[in-house]
Amino acid sequence: MGCFNIYIFNRQGTCIYYHEWFRPKSVKQGAGTLQDDQKQMFGLFWTLSNFCATMDPKDQDKPQLGTPRKIGQGCKFRSFTTNSYKCNFLEVPSGIKLVLNTHREAPDLTDVLQALYDDIFVEYVVKNPMYVPGQPFQSEQFVNALNAFLRQNGLLQQQQIMQAAV
Amino acid sequence: MLQNAEVFTLTYGSIVRQLISDFEDIEEVNKQLEQMGYNMGIRLVDEFLAKAKITRCSSFRDTADVVAKQALPMFLNVSANVANWSPDQTECSLVLTDNPLADFVELPEEYRELKYCNVLAGVVRGALEMVNMEVECRWVSDMLKGDDCYELRIKLKEHRDEKFPFKDDD
């Protein structure tokens with residue numbers, strides 16, 4: 001139960017932050033290396049965003065499948081659920097994408113992701129003078145704030161908090 | 001609030017002063033100010049998107065409105081008007097009637113070529129580049145040089161599509 005892992009990508013596809021709390025099946029059995037895993041995750045969301053934009057039943061002038069998206073349209077894809085996990089997604093107009101994998105029963109986490117971006121990413125990463133946009137970053141303040149925030153939202157279970165503190 | 005604004009104005013003034021004495025060539029100083037603004041803009045855009053909670057910025061026209069009516073008041077506490085749209089909607093002007101960066105400034109004769117507020121041009125360019133709009137910004141009117149307002153001309157060069165960054169055959 002709880003959160004499994006989080007990825008933060010920038011527009012160029014670089015994974016600028018990755019953290020896992022609970023991943024019993026190791027990456028080697030999945031994509032092979034962590035880098036491949038991140039690339040595949042990015043590609044997955046790219047395709048799903050395009051797909052959702054094309055399939056939107058309420059949109060008057062939706063694009064054809066295959067046409068490239070303009071950044072300003074906003075992202076219509078929010079989450080998908082499988083047998084074992086739920087994957088939540090948020091893309092902001094500046095190209096930053098947040099991906100949070102949680103347990104199946106999680107409610108709609110769009111607001112949580114938006115608050116994560118507003119209060120934690122912008123506060124501790126963007127405003128950090130050591131942050132170079134486009135490069136992976138390490139920031140203890142960010143990690144602490146992230147864990148505290150997720151715990152507050154009930155997404156981090158007790159044994160995961162122990163693991164996170166390690 | 002007033003004290004904060006003054007510190008900001010005076011800090012900016014001393015940065016410009018220092019740049020002039022470091023570089024001595026006014027054109028080079030203009031370029032440096034623009035570059036500083038660009039570096040600020042690429043970071044500022046995330047903060048702006050977080051505070052203003054904008055999730056869509058579909059056309060250049062909307063974007064210019066948002067910059068003038070939301071971004072500038074949020075960061076500089078001044079509001080601007082958007083005017084002088086070109087017929088094909090790719091160029092417009094942001095008109096400011098007062099500019100806190102240049103509050104106590106008088107431009108002497110030998111610095112006629114100095115674009116004192118060039119950092120703003122860089123900020124707009126950097127911020128819009130992060131939302132995939134490549135623009136060119138230049139000052140056409142400057143109150144420090146005797147005009148009656150500050151006018152920043154923004155020209156849209158390209159509104160880029162999202163491009164998949166990895167090669168397809170990987």
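Within every chain, numbering begins at 1; the chains are lettered A, B, ... in the order of the sequence lines, protein sequences first and strands thereafter.
- With hydrogens and angles ignored, the 3.5 Å screen pairs a side-chain donor or acceptor of A:R11 with a backbone N or O of B:M130.
- Atom OH of A:Y117 sits about 10.5 Å away from atom NZ of B:K53, to the nearest 0.5 Å.
- Within 6.0 Å of atom OH in A:Y124, 12 or fewer heavy atoms from other residues, nucleotides or ligands are found, so the atom counts as exposed in its surroundings.
- Enclosure of atom CD in B:E158 by more than 12 non-hydrogen atoms of other residues, nucleotides or ligands within 6.0 angstrom is indicated.
- Heavy-atom neighbours of B:K155 NZ from other residues, nucleotides or ligands within 6.0 Å: at or below the threshold of 12.
- Surrounding CD of B:E110 are more than 12 heavy atoms belonging to other residues, nucleotides or ligands, all under 6.0 Å away.
- Checked by atom type and distance alone, the side chain of B:R43 never pairs as donor or acceptor with a backbone atom of A:P129 at under 3.5 Å.
- For the atom pair CG (A:D118) and NZ (B:K51), the distance works out to 9.5 Å, reported to the nearest 0.5 Å.
- Residue A:R78 places its CZ atom among 12 or fewer non-hydrogen atoms of other residues, nucleotides or ligands, all under 6.0 Å distant.
- One distance of note links CG of B:D46 with OG of A:S94; it measures 3.5 Å at 0.5 Å rounding.
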